[in-house]
Number of protein chains: 2
Amino acid sequence: MTAIEQAQARPRGTRLPRRARREQLLGAAQEVFVAQGYHSAAMDDIAERAGVSKPVLYQHFPGKLELYLALLDQHCESLLQSVRTALASTTDNKKRVEATMDAYFAYVEDEGGAFRLVFESDLTNEPAVRERVDKVSLQCAEAISEVIAEDTGLSRDQSMLLAVGLGGVSQVVARYWLASRSGVPRDTAVGLLTSLAWRGIAGFPLHGAEGQVQGHH
Amino acid sequence: MTAIEQAQARPRGTRLPRRARREQLLGAAQEVFVAQGYHSAAMDDIAERAGVSKPVLYQHFPGKLELYLALLDQHCESLLQSVRTALASTTDNKKRVEATMDAYFAYVEDEGGAFRLVFESDLTNEPAVRERVDKVSLQCAEAISEVIAEDTGLSRDQSMLLAVGLGGVSQVVARYWLASRSGVPRDTAVGLLTSLAWRGIAGFPLHGAEGQVQGHH
DNA sequence: CAAGCCGTGGAGGTCAAGATCGGCGTGCAG
DNA sequence: CTGCACGCCGATCTTGACCTCCACGGCTTG
């Protein structure tokens with residue numbers, strides 16, 4: 001149920017306990033921010049969407065930025081959890097790749113488009129936002145790079161580069177897949193990317209010994 | 001030479017031919033937009049940076065948006081050209097991958113940070129901007145996917161997914177590489193990604209028949 | 001040499017959007 | 001029943017940024 005439906009179900013005069021009201025406001029804000037982006041989203045829009053007046057918003061959040069940050073934190077945490085869970089779900093590295101790819105696809109597909117707040121924010125010039133987005137990207141990449149470093153024996157810097165790359169592919173392709181709505185089902189897309197990535201990774205030193213490969217660096 | 005140096009070299013009263021003035025304004029605008037983003041950039045800032053007054057800006061551009069779009073178009077075109085040139089630079093598909101990766105790195109490294117206008121715009125909610133960014137991404141991906149489709153025999157949809165992925169890796173990693181300033185030199189980073197991507201691609205159908213996983217060409 | 005013209009400059013209008021103040025209705029305690 | 005407290009609303013203020021109006025000075029032409 002969207003926030004606006006909730007708001008219409010409970011017409012404009014209803015009084016809510018403080019905690020519930022806050023959650024409802026967060027929901028409405030997310031819908032508006034996702035649909036319009038930070039700058040185009042007016043506090044009036046959010047208030048109207050939630051079926052309350054503007055002062056109520058300011059009784060729950062100090063300002064527009066803090067409201068946005070609350071949502072951003074929430075969804076950054078969510079992404080990080082998904083990735084970590086995926087990495088920990090198995091010890092088979094190929095399945096790890098697949099699970100991680102799928103985590104990105106699931107993240108992009110679900111949550112009412114909240115991934116836009118993280119991956120397509122129009123407030124990256126605000127240091128507080130930039131910091132959060134950079135941090136979650138870095139943390140995801142570090143989690144991935146640990147596995148890569150262990151599996152390939154590459155240096156810390158180099159495995160980070162690859163990890164950033166793998167996260168990047170997942171994120172970019174997942175968004176493209178969602179937007180393009182081409183006929184490719186999610187499983188197929190994930191499988192395709194997993195093949196691509198796994199063969200790529202599997203060619204590095206530790207495996208190169210067993211499987212022979214052309215020169216690298 | 002930055003626009004502000006030009007402006008200081010020619011102190012504030014100088015008259016310029018129309019074409020030259022326009023170019024100088026574009027330069028100043030690019031510096032400000034890159035440094036501050038669209039929203040934080042004030043027309044006053046741009047005018048001051050260029051060493052002129054605001055009305056002059058409006059004699060060359062109808063408004064802030066059009067000024068931004070002029071720059072955006074310019075750099076979208078530049079990226080597309082780089083990618084197409086890289087793809088056409090050889091018929092060896094592995095070198096194609098490397099050249100294309102390198103094109104993204106060069107694009108991100110050079111041009112006074114102009115890649116931010118394309119990859120990190122804070123105006124993606126403006127339809128005109130969204131359209132341009134989407135279009136250039138799509139055109140790059142299509143150019144890449146043609147090669148992939150021909151080389152692997154994958155369907156149009158599937159090769160587009162991979163192409164988007166390759167473009168995405170290049171772009172994301174290049175930006176990370178630029179920002180992180182880790183010790184990895186550009187050649188090494190490009191080489192690493194090329195290994196990753198090429199082994200990944202080379203495993204698809206057409207090659208799987210001849211060389212099980214890796215080597216050929 | 002002189003007069004006019006055109007581009008430049010600083011100051012101001014307008015408007016959207018974030019942030020806030022005095023009333024109102026509802027429910028509970030005495 | 002009645003007063004009080006709490007949360008909510010309509011209306012307003014203010015800031016900041018985009019976008020134009022009246023004076024000035026250098027170049028050109030007769």
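Protein chains get the first letters and strands the later ones, always in sequence-line order, with residue 1 at the start of each. All values below come from the heavy atoms of this structure, side chains included, with hydrogens, waters and symmetry mates left out. Worth saying up front: this structure is predicted, and the values here are computed from it rather than measured.
- Phosphate contact (OP1/OP2 of dA19(C), side-chain N/O of Y58(A), threshold under 4.0 Å): present.
- The side chain of V52(A) sits closest to dC9(D) out of dC9(D), dG9(C), dC18(D).
- Closest approach to the S53(A) side chain among dC9(D), dC18(D), dT8(C) is made by dC9(D) (side chain taken as heavy atoms from C-beta onward).
- The stretch residues 60-69 of chain B touches DNA chain D through G63(B), K64(B), each having a heavy atom within less than 4.0 Å of the strand.
- Counting only heavy atoms from C-beta outward, the side chains of Y176(A) and L138(B) approach each other to under 4.5 Å.
- The aromatic rings of Y38(A) and Y68(A) sit perpendicular, their planes meeting at an angle over 60°, well past the 30° parallel limit.
- Judged by the 6.0 Å distance and 45° axis criteria, R199(B) is positioned over the aromatic ring of F204(A).
- A distance of 10.0 Å separates CG of L161(A) from CG of L154(A), quoted to the nearest 0.5 Å.
- Proximity of Q59(B) to the phosphate of dT8(C): a side-chain N or O atom is located under 4.0 Å from OP1 or OP2.
- The interatomic distance linking L57(A) (CG) with dG10(D) (C1') rounds to 15 Å, in whole Å.
- Around atom CZ of R156(A), no more than 12 heavy atoms belonging to other residues, nucleotides or ligands sit under 6.0 Å away.
- Nucleotide dC18(D) holds its C1' atom 12 Å from the CZ atom of F33(B), rounded to whole Å.
- Across dT8(C), dC9(D), dT12(D), the shortest atom-to-atom separation from the side chain of R21(B) is found for dT8(C).
- Residue-to-nucleotide proximity on DNA chain C shows that, of P55(A) and M43(A), the 5′-proximal contact is made by M43(A).
- Rounding to whole angstrom units, CD of residue Q36(A) and P of dG18(C) are separated by 11 Å.
- With sequence neighbours excluded, no residue forms a salt bridge (charged side-chain N to carboxylate O under 4.0 Å, His left out) with D187(B).
- A distance of 5.5 Å separates CD in E120(A) from CZ in R130(B), rounded to the nearest 0.5 Å.
- Between the CZ atom of R22(B) and the P atom of dG7(C) there is a distance of 17 Å, given to the nearest Å.
- Between Y107(B) and F119(B), the ring planes lie perpendicular to each other; the angle is over 60°, past the 30° to 60° tilted range.
- Remark: side-chain polar atoms of H75(A) are not paired, donor with acceptor, to backbone N or O of L117(A) under 3.5 angstrom.
- Rounded to whole angstrom, the span from the NZ atom of K54(A) across to the C1' atom of dG7(D) amounts to 18 Å.
- Atoms CG (D44(B)) and C1' (dT20(D)) sit 13 Å apart, rounded to a whole Å.
- The overall bend of the helix from dC1(C)-dG30(D) to dG30(C)-dC1(D), read as the angle between its terminal helix axes built from five base pairs each, is 20° when rounded to 10 degrees.
- Atom pair Q24(B):CD and dT8(C):P shows a separation of 11 Å (rounding to whole Å applied).
- Going from atom CD of E48(A) over to atom P of dG10(D) covers 11 Å, rounded to whole Å.
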